[in-house]
Amino acid sequence: MIDLRPYASLGGANHGWLDAKHHFSFANYYDPARTHWGNLRVWNDDTIAPQTGFPPHPHRDMEIITYVREGAITHQDNLGNLGRTEAGDVQVMSAGTGITHSEYNKEDITTRIFQIWIQPTRSGEKPGWGARPFPKGDRAGQFVVLASGFAEDGDALPIRTDARVVGATLKAGETAEYPLGMDRRGYLVPATGAIELNGLRVNARDGAAIRDEAVLRVTAIEDSEIVLVDAA
């Protein structure tokens with residue numbers, strides 16, 4: 001079963017400096033049919049104006065993954081972490097018992113990100129932050145694990161939950177498969193391009209909520225960049 005959620009159907013708000021679209025209920029947007037998907041709680045599609053951003057604010061008990069699509073985001077927190085994550089790269093913040101951080105677009109161009117929140121399956125641990133580059137060449141024609149709560153995914157950024165965040169870049173006409181499993185839930189969004197997912201067209205920034213599908217077969221209709229959460 002695949003529930004297509006077109007970009008035009010998403011909730012959101014335009015704050016001027018921030019144009020935010022919400023795949024799930026968030027802030028002032030509430031849809032009882034879109035509160036979560038398994039342990040995936042938030043998927044925000046944020047466009048952040050140059051030299052603006054989110055001032056310091058707290059989080060706890062949440063795994064927060066930021067996938068930078070264009071531009072760059074600069075993170076700073078009360079643990080002393082300071083880092084700039086640019087397009088194609090990923091950062092993970094494990095809020096744990098509590099963390100305060102800021103995120104700013106300090107660039108002279110617009111920054112576009114996906115911010116993904118996944119509920120942790122381990123609690124009571126110290127907060128943490130990490131980032132790493134994932135060159136798109138490594139994802140050419142295949143899915144690559146970007147962040148994972150599974151020990152066997154040693155190259156991925158660690159998260160404290162029963163989930164994976166994976167990405168792929170496909171040229172038009174290329175096909176890649178991902179073994180989701182019948183007992184798992186997936187949520188897939190093309191950052192760019194357009195794809196066919198198990199026979200269903202999914203355009204850029206549309207969401208596809210997936211369950212009861214053993215294998216995901218993705219064929220690029222256009223050159224496409226894809227992000228998928230494999231959730232419990």
Side-chain angles (χ1 to χ4, degrees), residues 1-10 19 21 23 37 40 43-48 65-73 84-92 107 109-116 131-148 150 152-157 159 163-181 184-211 213-231:
M1 190 282 290
I2 301 175
D3 176 23
L4 180 65
R5 300 178 178 181
Y7 176 76
S9 76
L10 304 181
D19 187 3
K21 295 294 185 182
H23 285 262
W37 193 246
L40 172 61
W43 190 311
N44 289 344
D45 181 331
D46 290 340
T47 300
I48 306 168
I65 301 98
T66 303
Y67 182 93
V68 183
R69 296 152 45 213
E70 295 179 33
I73 200 81
R84 176 180 176 275
T85 306
E86 61 186 27
D89 297 347
V90 178
Q91 70 172 13
V92 167
E107 315 303 310
I109 62 172
T110 298
T111 287
R112 293 180 172 86
I113 64 172
F114 288 149
Q115 190 165 92
I116 297 163
R132 62 167 293 177
F134 287 94
K136 292 182 182 180
D138 292 352
R139 292 178 267 147
Q142 63 180 340
F143 283 100
V144 171
V145 182
L146 308 177
S148 175
F150 299 96
E152 61 265 31
D153 297 323
D155 292 337
L157 286 165
I159 51 178
R164 290 183 175 93
V165 181
V166 301
T169 55
L170 300 178
K171 296 290 186 183
E174 285 187 327
T175 296
E177 293 189 348
Y178 182 81
L180 181 66
R184 306 284 293 177
R185 293 188 181 223
Y187 199 87
L188 182 149
V189 182
T192 61
I195 64 166
E196 187 177 90
L197 169 63
N198 290 13
L200 178 69
R201 183 180 176 118
V202 186
N203 293 317
R205 302 166 79 184
D206 291 350
I210 307 153
R211 67 180 181 190
E213 299 279 347
V215 177
L216 305 183
R217 181 177 174 85
V218 177
T219 299
I221 299 169
E222 306 167 1
D223 291 356
S224 299
E225 183 176 346
I226 302 151
V227 183
L228 166 70
V229 170
D230 172 351

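These values consider heavy atoms only, across backbone and side chains, with no hydrogens, waters or symmetry-generated copies. The shown structure was predicted, so the numbers you read here are calculated from the model rather than taken from an experiment.
At distances below 3.5 Å, not a single donor-acceptor pair connects side-chain atoms of T219 with backbone N or O atoms of T175. Checked by atom type and distance alone, the side chain of T192 pairs as donor or acceptor with a backbone atom of E225 at under 3.5 Å. No donor-acceptor distance shorter than 3.5 angstrom exists from the side chain of W43 to the backbone of L188, with no hydrogens or angles considered. Remark: the backbone N or O of V215 is paired with a side-chain donor or acceptor of N198 at under 3.5 angstrom. Between the side chain of R184 and the backbone N or O of D230 there is at least one donor-acceptor pair closer than 3.5 Å. With T85 contributing its side chain and V90 its backbone, the two residues share no donor-acceptor pair below 3.5 Å. Between the side chain of D223 and the backbone N or O of A172 there is at least one donor-acceptor pair closer than 3.5 Å.
R211 pairs by the salt bridge (Lys or Arg N to Asp or Glu O under 4.0 Å) definition with nothing, not counting sequence neighbours. Contacts of E86 classified as salt bridge (Lys or Arg N to Asp or Glu O under 4.0 Å), with partners at least two apart in sequence or in another chain: R84. Residues meeting the salt bridge (Lys or Arg N to Asp or Glu O under 4.0 Å) test with D45, sequence neighbours left out: R69, R205. Take D138 and apply the side-chain contact (heavy atoms from CB on, under 4.5 Å) test, not counting sequence neighbours, and it matches P135. Applying the side-chain hydrogen bond (donor to acceptor under 3.5 Å, both in side chains) rule to Y187 yields the partners H23; only residues at least two apart in sequence or on another chain are considered. Residues passing the salt bridge (Lys or Arg N to Asp or Glu O under 4.0 Å) test with R217, sequence neighbours excluded: E177.
The CZ atom of R185 sits 10.5 Å away from the CG atom of L40 when rounded to the nearest 0.5 Å. With rounding to the nearest 0.5 angstrom, the CD1 atom of I73 is 5.0 Å from the CD1 atom of I113. In this structure, D206 CG and L4 CG are separated by 5.5 Å, a value rounded to the nearest 0.5 Å. From D46, atom CG reaches atom NZ of K21 across 11.5 Å, with rounding to the nearest 0.5 Å. A distance of 6.0 Å separates CG of L228 from CG of L216, quoted to the nearest 0.5 Å.
Taking both residues in full, the closest heavy atoms of A131 and Q91 are given as CB-CB, 3.8 Å, listed atom of the first, atom of the second, then distance. What you find for V227 and I116 is that their closest heavy atoms are CG1-CD1, 4.3 Å. Shown here for S224 and I195, the closest heavy-atom pair between the two residues is OG-CG2, 3.6 Å. Nearest heavy-atom pair, A208 versus V202, reported as atom, atom and distance to 0.1 Å: CB-CG2, 4.3 Å. Here the closest heavy-atom approach between residue G207 and residue V189 is recorded as CA-CG2, 4.1 Å. The two residues A191 and A204 have their closest heavy-atom pair at O-CB, 4.3 Å.
Cation-pi geometry between R139 and F134 is not met at under 6.0 angstrom from the ring centre and within 45 degrees of the axis.
Side-chain contact between I65 and L146: absent, with no pair of heavy atoms (C-beta onward) separated by less than 4.5 Å. No side-chain heavy atom of W37 sits under 4.5 Å from any side-chain heavy atom of V229. Taking 4.5 Å as the limit, some side-chain heavy atom of E213 sits within range of a side-chain heavy atom of I2. The shortest side-chain heavy-atom distance between F143 and R164 does not fall under the 4.5 Å cut-off.
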Exercise for review: Starting from the C-alpha separation in whole Å, work towards a yes-or-no answer on side chain to side chain contact (heavy atoms under 4.5 Å, CB included) for V165 and Y67.
Suggested key: CA-CA 10 Å; V165 181; Y67 182 93; 5.9 Å; no
